[in-house]
Amino acid sequence: KNRKKGTIVKKFIYAITPFCIYSFFVLLFYYVADYLAPTHNMELAGYLFALFYIFNFPIVVPVLGFIFGKITQKRFASKKLIHSLWLAVFTFVVMFIIGGLNGIFSQMQFRSHQTTIDDFIFGISHPDTHYFAICTFCSFFLGELHEYFILKKKQKEEDGIK
């Protein structure tokens, strides 16, 4: 039984790695957009980040969430839908944490690097964080469901041939 649990954890880490890499780059973007660019007076960067935000809301988050959901389900290949739900909940929590860290980054420029828990709560309570977390959860789960049913269909076809 321990060996099986270790295998599930390894499969989970393998499956969620692409999403975690994406999350790292989102966090890096928030750091540059909300702290580094404003403190170093990078005016052009501000326009580029505003453009990114405009496209990020309606296009990037739902599309990438769906794609990462499909990739994760393909890599995890679980026969239980509850695993897909837990993976989607994981992405939801990660996006909320990233939103909280974004709150810290946006307040650091005003507080000389002194951060408080209020900055994190500010980030979590921001409507953008709610949108990103909910949209990521929904699109990720839909991507997982799509891939789950494709894998189920292939499995039924293979069982019918044998």
Side-chain angles (χ1 to χ4, degrees), residues 8-76 78 80-149:
I8 289 176
V9 171
K10 285 180 185 177
K11 279 178 66 175
F12 171 79
I13 291 169
Y14 172 72
I16 206 73
T17 299
F19 176 77
C20 290
I21 292 168
Y22 161 75
S23 298
F24 170 77
F25 283 107
V26 169
L27 190 60
L28 183 64
F29 168 78
Y30 281 148
Y31 176 75
V32 171
D34 291 330
Y35 173 69
L36 211 56
T39 56
H40 289 78
N41 296 324
M42 297 179 200
E43 198 168 314
L44 180 61
Y47 293 118
L48 293 174
F49 292 129
L51 188 64
F52 177 79
Y53 272 114
I54 289 169
F55 288 111
N56 199 27
F57 274 152
I59 299 169
V60 175
V61 172
V63 170
L64 282 181
F66 185 80
I67 291 169
F68 281 120
K70 286 180 65 74
I71 291 170
T72 301
Q73 180 62 30
K74 202 176 261 187
R75 293 177 121 203
F76 197 67
S78 175
K80 296 180 181 179
L81 275 177
I82 192 72
H83 291 148
S84 296
L85 182 62
W86 281 113
L87 287 165
V89 168
F90 175 81
T91 64
F92 179 80
V93 171
V94 167
M95 281 298 145
F96 252 101
I97 291 170
I98 288 174
L101 293 173
N102 182 31
I104 289 173
F105 297 150
S106 64
Q107 296 301 312
M108 277 174 43
Q109 61 182 313
F110 305 113
R111 297 198 184 181
S112 303
H113 303 291
Q114 296 173 355
T115 59
T116 64
I117 192 70
D118 293 337
D119 299 334
F120 188 79
I121 292 170
F122 168 77
I124 286 178
S125 63
H126 199 275
D128 291 353
T129 300
H130 298 169
Y131 172 80
F132 284 133
I134 292 168
C135 189
T136 300
F137 171 81
C138 293
S139 60
F140 192 90
F141 191 59
L142 286 174
E144 285 182 308
L145 286 177
H146 184 262
E147 192 62 34
Y148 174 81
F149 288 118

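Index from 1, following the sequence.
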Roughly how far, to the nearest 0.5 Å, is NE2 of His126 from OH of Tyr131?
-> 14.5 Å
Are any side-chain N or O atoms of Ser106 and backbone N or O atoms of Asn102, one a donor and one an acceptor, separated by less than 3.5 Å?
-> yes
Parallel, tilted or perpendicular for Phe68 and Tyr22, by the 30°/60° rule?
-> tilted
Check: Glu144/Thr72 side-chain N/O donor and acceptor closer than 3.5 Å | no
Separation between CD1 (Ile82) and CG (Leu87), nearest 0.5 Å, reads 10.5 Å
Test ring pair (Phe, Tyr, Trp, His ring centres under 6.0 Å) applied to Phe105 and Tyr35, Tyr31, Phe120, the passing residue = Tyr31
Compare every heavy atom of Phe90 with every heavy atom of Cys20, then report the nearest pair and how far apart it is.
-> SG-CE2, 4.2 Å
Quick one: are Leu81 and Leu145 in side-chain contact, heavy atoms under 4.5 Å?
-> yes
Rounded to the nearest 0.5 Å, what separation is found between the CD1 atom of Ile97 and the CD1 atom of Ile124?
-> 7.5 Å
If you measure from OG on Ser78 to NZ on Lys11, what distance do you get to the nearest 0.5 Å?
-> 6.5 Å
Closest heavy-atom pair, Gly123 versus Thr129, reported as atoms and distance to 0.1 Å, is O-OG1, 2.6 Å
Do Met95 and Phe19 come close enough that some side-chain heavy atom pair is under 4.5 Å?
-> yes
How long is the span from the CG atom in Asp118 to the OG atom in Ser125, to the nearest 0.5 Å?
-> 10.0 Å
Donor-acceptor under 3.5 Å (Thr136 side chain, Thr91 main chain) = no
Does His146 use its side chain to pair, donor to acceptor, with the backbone of Phe141 at less than 3.5 Å?
-> no
Note: Gly65 and Ser139 closest approach over all heavy atoms is CA-OG, 3.3 Å
Looking only at heavy atoms, what is the nearest atom pair of Arg75 and Ala15, with distance?
-> CB-CA, 3.7 Å
First locate atom CG of Leu101, then atom CG of Asp34, and finally report the distance between them rounded to the nearest 0.5 Å.
-> 11.5 Å
How about Phe92 and Phe96: are their ring centroids closer than 6.0 Å?
-> yes
Evaluate the side-chain proximity of Phe12 to Trp86: yes if any heavy-atom separation is below 4.5 Å, no if none is.
-> no
Can you find a heavy atom in the side chain of Phe132 that is under 4.5 Å from one in the side chain of Val26?
-> no
